[in-house]
Amino acid sequence: YAMQGGKKSGEKTINVSMQGGAVPAVTLAFYENKTFTVNGVSFEMVFVEGGTFQMGSNDGDSREKPVHSVTLSDYYIGRTEVTQELWQAVMGSNPSDFKGAKNPVNNVSWKNCQEFISKLNRLTGGRFRLPTEAEWEYAARGRKKRRGYKYSGSDDLGSVAWYKENSGSEVHPVGSKSANELGLYDM
């Protein structure tokens with residue numbers, strides 16, 4: 001899930017002096033992540049500074065071709081997938097096959113997700129939505145903090161993701177592997 005825009009949390013002016021004289025003051029804007037609580041369940045939205053990046057891959061699936069330039073505005077994205085406990089707090093039920101409060105919700109359709117977002121917006125007064133494919137890819141890559149990893153946050157798949165060879169054929173709680181450069185999990 002995502003939210004549009006970013007509201008500045010504040011500004012700080014710093015004065016820098018270097019050998020040979022002072023440098024003009026620099027004003028830095030900073031943005032904070034946002035935490036929301038719904039019926040006792042908290043979740044965090046991470047601020048992603050917009051920018052331009054090369055989306056897609058010439059090495060991957062044909063659907064990822066061609067590589068093209070995409071420019072995004074600032075937005076927020078969930079630190080983790082939607083958990084079953086958050087889905088339950090918003091929707092009043094848990095449709096998941098693999099139960100666990102901190103596990104990602106599963107067994108939901110696009111329509112179910114739209115209903116979840118609509119209710120989440122009513123409960124929080126927010127403007128949540130699903131992220132676009134470009135927003136998801138930009139965040140997964142770590143945006144301007146990108147270190148060029150093969151996977152989101154590492155060159156070692158097992159350190160950032162559960163998959164067939166390391167999952168024990170079980171669903172695992174969100175955020176139980178390493179985060180990427182933005183502090184996002186399970187990308």
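Closest heavy-atom contact between Y75 and E135: OH-O, 2.6 Å. Annotation for S176 and H172: closest pair OG-CB, 4.2 Å, computed over non-hydrogen atoms. Scanning both residues, S42 and T37, for their nearest heavy atoms gives OG-OG1, 2.7 Å. What you find for S96 and P104 is that their closest heavy atoms are OG-O, 4.3 Å. Nearest approach of A139 to L184, heavy atoms of both residues: CB-CD1, 3.6 Å. Across all their heavy atoms, N180 and G142 have their closest contact at ND2-N, 4.1 Å.
From R122, atom CZ reaches atom CD1 of I117 across 12.0 Å, with rounding to the nearest 0.5 Å. Atom CG of N33 and atom CZ of R79 lie 5.0 Å apart (nearest 0.5 Å). Between F47 atom CZ and K34 atom NZ the span is 9.5 Å, to the nearest 0.5 Å. Here the CD-CG distance, from Q84 to N107, works out to 10.0 Å after rounding to the nearest 0.5 Å. Separation of atoms CZ (F43) and CG (L120) is listed at 4.5 Å; rounding is to 0.5 Å. Note that CH2 of W87 is 15.0 Å distant from CG of N103, once rounded to the nearest 0.5 Å.
Taking 4.0 Å as the cut-off between side-chain N and carboxylate O, K119 and E115 do not count as a salt-bridged pair.
Cluster annotation: V41 and F116 are assigned to the same hydrophobic cluster (Ile/Leu/Val/Met/Phe/Trp/Tyr, side-chain heavy-atom contacts under 4.5 Å, transitive). Taken together through direct or relayed side-chain contacts under 4.5 Å among Ile, Leu, Val, Met, Phe, Trp and Tyr, V174 and Y163 form parts of separate hydrophobic clusters. Side-chain heavy atoms closer than 4.5 Å link hydrophobic residues (I, L, V, M, F, W, Y) into clusters, and following such links, possibly through other members, connects V105 to L86.
Around the NZ atom of K111, the shell of radius 6.0 Å holds no more than 12 heavy atoms that belong to other residues, nucleotides or ligands. Around the CD atom of E133, the shell of radius 6.0 Å holds no more than 12 heavy atoms that belong to other residues, nucleotides or ligands.
For the pair V48 and Y138, the minimum side-chain heavy-atom distance is below 4.5 Å. When side chains are defined from C-beta on, M91 does not count as touching V108, because their heavy atoms never get closer than 4.5 Å. Using a 4.5 Å heavy-atom cutoff, the side chains of S69 and M55 are not in contact. Side chains of Q114 and L130 form a contact here, defined as non-hydrogen atoms less than 4.5 Å apart. Side-chain contact between W162 and E170 is absent, with no heavy atoms from C-beta onward closer than 4.5 Å.
Evaluation of the side chain to side chain donor-acceptor pair (under 3.5 Å) rule for E85 yields K102 as partners, not counting sequence neighbours.
Counting only distance, with no hydrogens or angles, the side chain of N121 and the backbone of S118 share no donor-acceptor pair below 3.5 Å. Listed for the D186 side chain is no donor-acceptor partner under 3.5 Å among the backbone atoms of K177.
Residues N112 and S109 have side chains that bring a donor and an acceptor to within less than 3.5 angstrom of each other.
Two rings, from F36 and Y76, have their centers 6.0 Å or more apart.
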